[in-house]
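To start, the structure under review is shown below, and the notes come after it.
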Amino acid sequence: MKAVELARNYDPKDFEERIYDEWKKKKEFAPVDSEKEHFSVVMPPPNVTGILHMGHALNNSLQDIIVRYYRMQGRPTLWIPGTDHAGIATQNVVERQLQKEGLRRQDLGREKFVERTWQVKEKHHDIIKKQLEKMGCSCDWDRERFTMDEGLSRAVREAFVTLYERGLIYKGKYLVNYCPKCGTALADDEVEYENIPGKLYDVRYPYADGSGYITVATTRPETMFGDVAVAVNPEDERYTSVVGKELLLPLTDRKIPIITDSFVDKEFGTGMVKITPAHDPNDWECGRRHNLEAINLLNPDGTLNGNVPEKYRGIMAEEARKLVVEDLEKGGYLVKTTDHAHDVGHCYRCHTTVEPYLSEQWFVSMKTLADKALDAWRKGDIVFYPRRWENTYVHWMETIRDWCISRQLWWGHRIPVWYCQDCGKMIVSRDDPSECPECHSHSLKQDEDVLDTWFSSWLWPFSTLGWPEKTSDMSSFFPTNTLVSAYDIIFFWISRMIMASEEFIGQAPFKDIVITGLVRDIQGRKMSKSLGNGIDPIEVIDKYGADAMKFTLCYLAAQGQDVMIDMDSFRLGSRFANKIWNATRYLLMNIEGRNLVEISRDKLNTMDRWIYSRFNAAAAEIASAMENYRFNEAAQTIYSFFWNDFCDWYIEASKGKLLHGSDEEKDVQVSILMDILEKSMRLMHPFLSFITEEIYQKLPNHKGDVIVAEYPHFDSSLEDKDADALVSVLQEAARLVRAARSNLQIAPEKKLRVVVRIAKDNPAAAFMKEEAGLLATFMSASSVSIDTDGTEDVKGALPATGLGFEAFVFVREAIDVDAEIRRLQTEIEKNEKLLEGSVKKLSNENFITHAKPEAVEKEKSKKAEFEDKIAKSREHIELLKSF
RNA sequence: GGAGGAUUAGCUCAGCGGGAGAGCGCUUGCCUUACAAGCAAGAUGUCACAAGUUCAAUCCUUGUAUCCUCCA
């Protein structure tokens, strides 16, 4: 064979893009038919509002690892990519653009505005797709979907109409969360509460008959114009006599009654609260219990409307508060003002204060859906990794409230409801109706509102596969296997997907739910645009490569813990990739003039059997790690196998043969090295996809592309516990001698003679004899002789004790005897402490009788080992003293 | 108020009842014919605190403290 030359430096830019194009061209991301079980994953669709951040990089890296792993198992594997239209978020982006041009969306009109939003969508979509490609995501682009594409829009209508037909969707006038800036209603989950400092105002409400006044406490005095009562707790004895009396609402001429309701907290303020059904959720409930009117004070833009006295009209609520307080003070109604921190809801998209707002909206009745979703969990159809998230899921399902799904936006799926302009008939339909079924009028008007974004994303695991059509993808790939998502959208998305899937299809949309942590900066802060502490995945790829990014994230992503990183963190993956590159470069230099030969088991020596055994153990560990979605463990296994076992020991050990062996020995050695290298590329491919493909195709023994090669699995015939044990003795001996040399600062070029004393019946004795030359290399020794009958003269040699053997290094003048004796004495103390522990355990009746027999046996051998080491150290001190 | 997480080396964090680990950083010595983005050797721990269970606890239970999330 001819040597293969690899570039001197690992530079991912040389091949990552080229390799991705090849994969794409060969359609290697598409599922390949086979007898084996299908495997599918849907990508959580990124919003088309911007570019991908580090959280997406983590999420998609893990999915890519999973998908590549199962694809290499030979299963028909599908990973569906796509994007989300992200209703409010995207509309806000476009509105901000317009604002810069001095325009509002109303100036454009609905049609033009939506057209423009599509352009923004296209632009961002292209960026996102490019980013996913740069990351190396092996998703099937031919099946890419968008939440507003034709098929998914059909799915949305199907879902809406079906739920309506089942009586699970209704329209009504309720108090909803409303963002005045976005101009739309929000679902309860879309409100973020923040504890902010505010004021508590104590206000006098005089009795209508002029017989005095009572005092109520409120944080929002401007809503007093919507007051319809004052309530006290029925148990509150202070107020029993005044219940039923009428009050005169200050700054107005309206009279309101004092009522009782048990929701009133006696301890809060004066124990009297004003009831404003249209502007507070608790008051709304109270108002319904008492049949009270709800007086809405707000316009859709957040300003006060005609239901307040003229001077406050048209003013934003928060502004009006100051005026009202001023006027209350002037009128002598304000008793006092105290500081009071309270939770205020904010819009999760624009962070504006959310107002409870009385309006007509569409709702999904959630109870039935939640019950089915809970059942799916109880039956074990879905499993969270880590399990603890199941509590969160169950709690949310059990306390669920109806879902407000209508949004007063233009960007999104129009609600499939039409109203006959002539007879007022409401038509809920899968297809656009042309005439009224009641009066046959053609004058129909579609509902102005659009649906909540999540109303399309909750269908994602099956709408992307073609539902409601009965497609072959649907029958092959549904339900999907694994969903990977961060914990911040368990409610918004994961829970709702399970509900939708159970409701429309009757089974869970996926089995395993992998919850990742969030990516934070090195100070633990969430990465965000406003803090400017985000790391752009593309910058990471430009600096270190996609493999370095994926491997590092995988290595750090432990069990749903948040990941704290900075730019330098990625050096971990980068160095590893560099190591792989250089090891390969070295090995491929050495195939020059060699022939690959069949590697039969009987040609293997102990070192060879050891590296196969280590490889095999790594494969087993990875399988179990992947089974349990312990990505960091898989990454660590790969790292230590390739770097420590393969590079530091096996390749180093093979160098002697490559230099000085016979042609036949060289051929065998090269063949084994190539075999391990080839297998390693397959083992590592899911985690470092580009570099393994680039290398794989250059290997003399490769077959096809690694992306579709067979994944190495545990093979019991390769397991070799004897070789493991023997090599670990060799390693210990090498380490002991190296340490001794290093302690004495003996220059590497100074080769010293070493005697290893080991009992004849020790199983490692023969192996040490056989590999004495190798030992010498590892020890930088001039020669190593193995003394099995204790006859060699070791006078003047520095001793060291290993498990079952002693090593003597002939150091002569290089040694500081006193310092060595001190070191040995510390060694003795350490071992005496350990021995004491062992003896204590073994003299404990309870331990002997209760502990597992293996544990007792192990303890016994530990005791012997400590005793032996102490004895040896004592002998060695004597030896040193005789110098 | 409810739920969950975290507390292990200087930093970031793994850890599976039975002799405390990794990466980075630090110290020392090496440009050993793949890699100085490397090799070799080292130093650094009351495993937050307190009880309990157990023959045996960093690990299980309970409580306490500090920090962080989510929900109401």
Side-chain angles (χ1 to χ4, degrees), chain A residues 6 8-10 188-189 192-193 281 343 386-392 394-396 399 401 487-488 490-491 517-518 520 522-526 544 548 552 555-566 568-569 571-590 624 628 630 632-633 635-636 639-640 643-644 647-648 651-652 655 658-659 734-749 777-780 830-831 833-835 837-838 840-852 854-859 861-863 865-866:
Chain A
L6 240 50
R8 187 162 186 87
N9 294 308
Y10 161 65
D188 293 332
D189 309 288
E192 289 173 349
Y193 291 90
D343 292 329
R387 293 298 286 260
R388 65 184 136 87
W389 290 109
E390 291 176 11
N391 293 331
T392 310
V394 170
H395 182 257
W396 186 78
T399 57
R401 283 170 296 174
Y487 56 72
D488 54 350
I490 292 182
F491 304 140
L518 303 179
R520 296 173 180 278
I522 211 77
Q523 291 164 46
R525 298 174 306 182
K526 210 166 160 175
Y544 296 113
T552 304
Y555 190 96
L556 298 176
Q559 298 290 296
Q561 288 299 328
D562 288 352
V563 184
M564 292 201 223
I565 46 161
D566 60 10
D568 283 348
S569 306
R571 283 162 62 195
L572 169 68
S574 173
R575 285 182 189 189
F576 185 46
N578 184 60
K579 186 74 185 178
I580 296 170
W581 185 261
N582 276 297
T584 307
R585 192 162 80 90
Y586 167 74
L587 294 177
L588 289 180
M589 272 163 39
N590 277 288
S624 126
N628 297 295
R630 292 166 172 259
N632 60 324
E633 288 179 14
Q636 281 166 35
Y639 189 93
S640 69
W643 199 317
N644 302 131
C647 291
D648 292 347
I651 293 182
E652 287 307 319
K655 281 182 175 172
L658 289 185
L659 280 172
R735 283 196 187 105
L736 279 171
V737 174
R738 282 169 176 176
R741 295 181 57 112
S742 182
N743 285 338
L744 301 170
Q745 306 212 348
I746 299 165
E749 64 269 18
T777 314
F778 281 137
M779 293 169 170
S780 309
K830 188 185 102 192
N831 281 312
K833 238 177 239 163
L834 291 168
L835 177 64
S838 267
K840 211 170 130 195
K841 264 190 196 174
L842 288 165
S843 59
N844 182 346
E845 272 306 306
N846 286 322
F847 175 68
I848 304 290
T849 48
H850 293 273
K852 286 176 290 187
E854 307 94 85
V856 177
E857 277 315 303
K858 198 174 166 200
E859 204 54 49
S861 61
K862 272 197 286 188
K863 175 172 168 272
E865 181 194 331
F866 299 143

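All figures in this text were calculated on a predicted structure; none of them were measured in a lab. Just so we're on the same page: letters track the sequence lines, and every chain starts at 1.
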Please report the distance separating the P of B:G45 from the corresponding atom of B:G5, rounded so that it comes out in whole Å. 31 Å
Go through B:A34, B:G5, B:A37 for me and flag the one nearest to the A:N578 side chain. B:A37
Proximity to the side chain of A:R571 - top-ranked nucleotide from B:C24, B:A34, B:C55: B:C24
If each of A:N844 and A:L572 is mapped to the nucleotide of RNA chain B with the nearest heavy atom, which maps nearer the 5' terminus, i.e. the 5' end? A:L572
Taking the side chain of A:L659 as its heavy atoms from C-beta onward, which of B:A34, B:U33, B:G23 lies nearest to it? B:U33
State which of B:A41, B:C71, B:C55 makes the closest approach to the side chain of A:R735. B:A41
Ignoring hydrogens and angles, are the base of B:A34 and the side chain of A:E652 linked by a donor-acceptor pair under 3.5 Å? yes
Has A:K655 got its NZ or CZ under 6.0 Å from the middle of the six-membered ring of A:Y586, at an angle within 45 degrees of the ring axis? yes
Considering only side-chain heavy atoms of A:F847, which listed nucleotide, B:A34, B:C35, B:C55, is closest? B:C55
Closest-nucleotide mapping onto RNA chain B: is A:Y555 or A:V563 further toward the 5' terminus? I mean the 5' end. A:V563
Provide, to the nearest angstrom, the distance between the CZ atom belonging to A:F778 and the P atom belonging to B:A40. 10 Å
How far does the C1' atom of B:A9 sit from the matching atom of B:U58, given to the nearest Å? 14 Å
Gap between atoms OH and C1', on A:Y193 and B:G2 respectively (whole Å): 16 Å
Between B:C71, B:C24, B:A40, which nucleotide has the shortest distance from any of its atoms to the side chain of A:D648? B:A40
Would you indicate what A:R387 reaches in the nucleic acid, counting non-hydrogen atoms under 4.0 angstrom: base, sugar-phosphate, or nothing? nothing
Mind calculating the distance between CH2 (A:W643) and P (B:A22) to the nearest angstrom? 14 Å
Output the single nucleotide from B:G4, B:G19, B:G38 whose closest atom is nearest the side chain of A:F866. B:G19
Paired runs of 3 or more consecutive Watson-Crick or G-U pairs involving RNA chain B, with both pairing distances under 3.5 Å, are B:1-7 with B:65-71, B:10-13 with B:21-24, B:26-30 with B:38-42, B:48-52 with B:60-64
From B:U69, B:G4, B:C35, pick the nucleotide closest to the side chain of A:N391? B:G4
Flag, side chain of A:N831 to backbone of A:L834, donor-acceptor distance under 3.5 Å: no
When you get a sec, tell me which of B:G19, B:C35, B:G25 is the closest nucleotide to the side chain of A:N582? B:C35
State whether A:K862 places a side-chain N or O below 4.0 Å from either non-bridging phosphate oxygen (OP1 or OP2) of B:G19. yes
A:E865 (side chain) and B:G19 (base): donor-acceptor pair under 3.5 Å: yes
Can you find a side chain N or O atom of A:R8 that sits less than 4.0 Å from OP1 or OP2 on B:C35? yes
Check whether any side-chain nitrogen or oxygen of A:K841 sits under 4.0 Å from OP1 or OP2 of B:U54, and answer yes or no. no
Please measure how far the C1' atom in B:U69 lies from the corresponding atom in B:G63, and state the result in whole Å. 23 Å
Which nucleotide, B:G23, B:C35, B:A37, lies nearest any side-chain atom of A:Y10? B:A37
B:U27 versus B:U33 - spacing of their P atoms, nearest Å: 26 Å
Have a look at A:S838 and tell me which of A:K833, A:E859, A:K863 forms a side chain to side chain donor-acceptor pair (under 3.5 Å) with it. A:E859
Donor-acceptor pair, side chain of A:D562 and main chain of A:L518, under 3.5 angstrom: yes
Is there a side-chain polar atom (N or O) of A:R738 under 4.0 Å from OP1 or OP2 of B:C39? no
Determine the Euclidean distance between corresponding P atoms of B:C55 and B:A40; express it in Å to zero decimal places. 44 Å
Any sub-3.5 Å donor-acceptor pair from A:R741's side-chain atoms to A:S780's backbone N or O? yes
Roughly how far apart, to the nearest Å, are B:A22 and B:A65 at atom P? 35 Å
Do the side chains of A:N578 and A:Y544 get nearer than 4.5 Å, heavy atoms only? no
Please determine whether any donor N or O and acceptor N or O are separated by less than 3.5 Å between the side chain of A:K852 and the base of B:A56. no
Are A:E865 and A:K862 ion-paired here, with the side-chain N under 4.0 Å from a carboxylate O? no
Between B:A14 and B:A6 - C1' atom distance, rounded Å: 14 Å
To the nearest angstrom, how far is A:R585 atom CZ from B:G38 atom P? 14 Å
Taking atom P in both B:A36 and B:G10, what distance in whole Å separates the two? 31 Å
Would A:L587 and A:I651 count as a side chain to side chain contact (heavy atoms under 4.5 Å, CB included) here? Give the steps. CA-CA 9 Å; A:L587 294 177; A:I651 293 182; 4.0 Å; yes
